[in-house]
Colleague: 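Structure below; questions to follow.
Bear in mind the structure is a predicted one, so any value in this text is a computation, not a measurement.
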Amino acid sequence: MKIERREPVSLFRMKRKRLLRCHIRLAVVVKYAALTLVGILLFRTGQAQALVERGYEALGGEVFALLLPVLYWMVVRVARDILNIKEGKGT
């Protein structure tokens, strides 16, 4: 008699993985990757400029360039909510 073991299957996990692939578009991933790259480049540029002006290494406002993707997402969400309220769609 041969006993075969099968892999345990979690339907919730499979469904969640499938939904994640369906909802995230490649264009969105590329947009946020580009925003992250631009944020890093702006940070490095700001850090070099601040070093020239100050004469010593310190972190200041240039750190906020690293938060560019998050700030972009927040501004877009607020603008979308405002437009939805003006159109009468509610939440």
Colleague: Starting at CD of Glu53, measure out to CG of Leu51 and round the result to the nearest 0.5 Å.
Modeller: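 Between Glu53 CD and Leu51 CG, I get 10.0 Å after rounding to 0.5 Å.
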Colleague: Which residues pass the salt bridge (charged side-chain N to carboxylate O under 4.0 Å, His left out) test with Arg77, not counting sequence neighbours?
Modeller: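 Counting only residues at least two positions away or on another chain, Arg77 forms no salt bridge (charged side-chain N to carboxylate O under 4.0 Å, His left out).
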Colleague: Of all heavy-atom pairs between Tyr32 and Pro69, which one has the smallest distance, and what is that distance?
Modeller: CE2-O, 3.8 Å
Colleague: Which pair of non-hydrogen atoms, one from Gly39 and one from Leu68, has the smallest distance, and what is that distance?
Modeller: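 The answer is N-CD2, 4.0 Å.
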Colleague: Look up atom CE in Met74 and atom CG in Leu67, then write down how far apart they are to the nearest 0.5 Å.
Modeller: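 Here the rounded value is 9.0 Å.
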Colleague: Say whether, by atom type as modelled, one donor and one acceptor occur between the side chain of Glu62 and the main chain of Gly60 under 3.5 angstrom.
Modeller: yes
Colleague: Within a strict 4.5 Å, meaning less than it, do heavy atoms of the Val63 and Phe43 side chains meet?
Modeller: yes
Colleague: Determine, using the 4.5 Å side-chain heavy-atom cutoff (strictly less than), whether Leu35 and Leu37 are members of one ILVMFWY cluster.
Modeller: no
Colleague: State the CD1-OG1 distance between Ile40 and Thr45, to the nearest 0.5 angstrom.
Modeller: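 It comes to 11.5 Å.
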Colleague: Considering the options Ile82, Val78, Val76, which one meets the side-chain contact (heavy atoms from CB on, under 4.5 Å) requirement together with Arg80?
Modeller: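 The side-chain contact (heavy atoms from CB on, under 4.5 Å) with Arg80 is passed solely by Val76 among Ile82, Val78, Val76.
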Colleague: Once rounded to the nearest 0.5 Å, what's the spacing between atom OG1 of Thr36 and atom NZ of Lys31?
Modeller: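 It comes to 12.0 Å.
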Colleague: Examine Leu66 and Trp73 and state if one hydrophobic cluster contains both, with Ile, Leu, Val, Met, Phe, Trp and Tyr joined whenever side-chain heavy atoms are less than 4.5 Å apart.
Modeller: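 In one cluster with Leu66: Trp73, no.
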Colleague: Return the minimal non-hydrogen interatomic distance between Arg54 and Leu59, and the atom names on each side.
Modeller: NH1-N, 4.4 Å
